Amino acid sequence: MSAADNYRQLISKLPSYVTLVAVSKTKPVELLREVYDAGQRDFGENYVQELVDKHAQLPSDIRWHFIGHLQTNKVKYIAPFVYLIHGVDSYKLLKEINKQAAKNNRVINVLLQMHIAREETKFGLDDKELMAIVESPELHELRNICIRGLMGMASFTENEQEVRKEFQYISGLFTTIKNKPSVFNFQPSILSIGMSSDYKIAIEEGSTMIRIGTTIFGKR
Ligand SMILES: *Cc1c(COP(=O)(O)O)cnc(C)c1O
């Protein structure tokens with residue numbers, strides 16, 4: 001099946017409140033164009049240079065999601081156009097995104113990445129670090145960012161119960177922060193959990209945004 005067929009089949013089965021981000025890292029622009037032509041508008045990339053190149057070559061109504069680990073010195077390259085940055089895991093990075101957004105006269109939407117997997121190697125905040133950021137007295141100074149919710153990646157395991165437990169944990173934190181008063185730059189409504197192998201479990205546990213590569217584009 002073509003990428004467009006895979007896409008159509010997937011989207012037809014998703015609840016309407018779940019946003020599908022098509023993860024197109026390492027895939028050629030022709031393949032993205034095919035899925036775009038089938039109706040998809042949200043695309044996710046992990047590498048800054050690749051995102052910048054693809055943005056230049058594809059239609060301007062695409063919403064580009066940065067889902068990789070973002071280094072502070074690279075924020076400036078994507079700040080003019082990025083729609084949502086999923087992987088924010090420090091106050092320092094948040095400040096730099098704010099600075100570059102201000103330079104571009106815009107507000108950049110971000111998700112705070114939580115460390116939910118057992119694996120040590122994965123990035124993200126723990127619950128204390130999350131609360132320190134959302135309760136920071138200086139947060140109101142960041143006028144050019146908006147915290148839209150949380151992102152997480154479950155452990156890479158066949159153990160469904162383990163994956164579900166990790167999603168339940170982040171889902172609980174999402175509920176906690178959603179119950180805080182919303183401010184101009186703090187409006188959590190997005191829970192970005194679920195990839196090709198685990199998106200069904202993620203949706204059962206409250207996901208509102210899934211990031212799908214392999215199921216649409218095939219193996220990388
Ligand atoms: C690559 C990637 C995905 C998509 O993974 P698939 O298993 O191919 O669906 C989702 N999220 C992040 C952060 C990724 O790096």
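Quantities reported herein were computed from a predicted structural model and do not represent experimental measurements. Just so you know, ligand 1 is whichever comes first in the structure, and atom 1 is the first atom listed for that ligand.
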Check: At a 4.0 Å threshold, what atoms of ligand 1 neighbour a non-hydrogen atom of Arg211?
Finding: 4 (C), 9 (O), 10 (C), 11 (N), 12 (C), 13 (C)

Margin query: When you measure from the heavy atoms of His86 to every atom of ligand 1, does any distance fall below 4.0 Å?
Written below: no

Show every donor-acceptor pair shorter than 3.5 Å between a side-chain atom in residues 64-81 and any protein atom, with sequence neighbours excluded, or say none if there are none.
| from | atom 1 | to | atom 2 | distance (Å) |
| --- | --- | --- | --- | --- |
| His65 | ND1 | His86 | NE2 | 2.9 |
| His65 | NE2 | Asp42 | OD1 | 2.8 |
| Lys76 | NZ | Asn73 | O | 3.0 |

Notebook entry, point to check: ligand 1 and Gly213, any nitrogen or oxygen pair closer than 3.5 angstrom?
Noted result: yes

Next item on the list: Out of Met153, Met195, Lys25, indicate the one that has the non-hydrogen atom closest to atom 14 (C) of ligand 1.
Entry: Lys25

Check: Is it true that Glu50 and Lys54 make a salt bridge, defined as a side-chain N closer than 4.0 Å to a carboxylate O?
Finding: yes

Note to self: Under 3.5 Å between any N/O of Thr214 and any N/O of ligand 1: does that happen in this structure?
What the structure shows: yes

Check: Are Gln57 and Asp53 close enough that a side-chain donor and a side-chain acceptor fall under 3.5 Å?
Finding: no

Next item on the list: Could you tell me which atoms of ligand 1, counted from 1 in the order shown, lie closer than 4.0 angstrom to a heavy atom of Ile212?
Entry: 9 (O)

Next item on the list: Output yes when the distance from some N or O of ligand 1 to some N or O of Ser196 is under 3.5 Å, and no in every other case.
Entry: yes

Check: Salt bridge or not for Glu204 and Arg164, using N-O below 4.0 Å?
Finding: yes

Counting only pairs under 3.5 Å, give me each side-chain donor-acceptor contact of residues 31-39, with atom names and distances, residues two or more places apart or in other chains.
| from | atom 1 | to | atom 2 | distance (Å) |
| --- | --- | --- | --- | --- |
| Glu34 | OE2 | Ala3 | N | 3.3 |
| Glu34 | OE2 | Ala4 | N | 3.0 |
| Tyr36 | OH | Asp61 | OD1 | 2.6 |
| Tyr36 | OH | Asp61 | OD2 | 3.2 |

Check: Ser189 and Arg148: side-chain donor and acceptor closer than 3.5 Å?
Finding: no

Next item on the list: Tell me whether the guanidinium CZ or amine NZ of Arg143 lies under 6.0 angstrom from the six-membered ring centre of Phe184 and within 45° of its axis.
Entry: yes

Check: So which protein heavy atom does atom 13 (C) of ligand 1 come closest to, and at what separation?
Finding: Ile67 O, 3.6 Å

Next item on the list: Measure Asn46 to ligand 1 on non-hydrogen atoms and call it side chain, backbone, both or neither using the 4.0 Å cut-off.
Entry: side chain

